[in-house]
Amino acid sequence: MDSGVIIQWLGDISLNGPFCDPQHAAALGENLQSVASGLGPCDLRIANWESPLWGDGRMNERKVPRLATLPQAARAVQSLELDVALLANNHAYDCLEAGFENTLELLQ
């Protein structure tokens, strides 16, 4: 019997604030590796990416809250082996177009 396609939905990933502090980088990586080890096999792993990377230092001043993360924090999710990172959310342009482009580049 065919079991079909197994899809895992991880929900929101938001690595702003203290996750950007370099002193927490190792712990963040270890914690996400621990999460990854408990996920089990799947055909497709999806998460909502609410961690736009900084762009040119400007933020979307028209909205709050605004989120932003740094590459070292964002790279910590590699152990999750995401197949899809959804960017269609209310934080995609928190760091304006430059941040959106940086986010796309890192996730690719």
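For clarity, every value in this text was computed on a predicted model and none was experimentally measured. Count residues from 1 along the sequence.
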Review item, side-chain donor-acceptor pairs of residues 19-29, under 3.5 Å, at least two apart:
unit_1	atom_1	unit_2	atom_2	d
Asp21	OD1	Gln23	N	3.0
Asp21	OD2	Gln23	NE2	3.3

Point to revise | Option among Lys63, Arg66, Arg58 that satisfies the salt bridge (Lys or Arg N to Asp or Glu O under 4.0 Å) test with Asp94 | key: Lys63
Point to revise | Any Arg75 side-chain heavy atom under 4.5 Å of Leu106 side chain | key: yes
Exercise for review: Taking Asp43 for its side chain and Ile6 for its backbone only, find out whether a donor-acceptor pair lies under 3.5 Å.
Suggested key: yes
Practice item. To the nearest 0.5 angstrom, please state how far the CG atom of Leu70 sits from the CG atom of Leu15. Key: 10.5 Å
Check your understanding: Hey, are the side chains of Leu53 and Pro71 touching, using non-hydrogen atoms and a 4.5 Å cut-off?
Key -> yes
Report, one line per pair, each donor and acceptor closer than 3.5 Å where one atom sits in a side chain of residues 77-88; sequence neighbours left out.
unit_1	atom_1	unit_2	atom_2	d
Asp83	OD2	Arg45	N	2.8

Point to revise | Heavy atoms from other residues, nucleotides or ligands near CD of Glu97 exceed 12 (cutoff 6.0 Å) | key: no
Review point. Does the side chain of Asn48 come within less than 4.5 Å of Glu50's, by heavy atoms?
Key: yes
Exercise for review: Before giving the answer on side chain to side chain contact (heavy atoms under 4.5 Å, CB included), spell out for Thr103 and Trp49 the whole-Å C-alpha distance, their side-chain angles and the decisive distance to 0.1 Å.
Suggested key: CA-CA 9 Å; Thr103 303; Trp49 189 267; 3.7 Å; yes
Review point. Mind checking whether Ser51 and Asn16 have side chains closer than 4.5 Å, heavy atoms only?
Key: no
Check your understanding: Val5, Ile46: one ILVMFWY side-chain cluster at the under-4.5 Å cut-off?
Key -> yes
Practice item. Can you run down the ring-ring contact (aromatic ring centres under 6.0 Å, His included) pairs that involve residues 60-95, sequence neighbours left out, and say none if there aren't any? Key: Tyr93-Phe100
Practice item. Please check if the side chain of Asn102 supplies one atom and the backbone of Glu105 the other of a donor-acceptor pair under 3.5 Å. Key: no
**Study point:** Nearest atoms (heavy-atom pairs only) where Pro52 meets Cys95
**Key:** O-SG, 4.3 Å
Revision key, fill the gap. Rounding to 0.5 Å, atoms CG (Asn60) and CG (Leu67) come to a distance of 11.5 Å
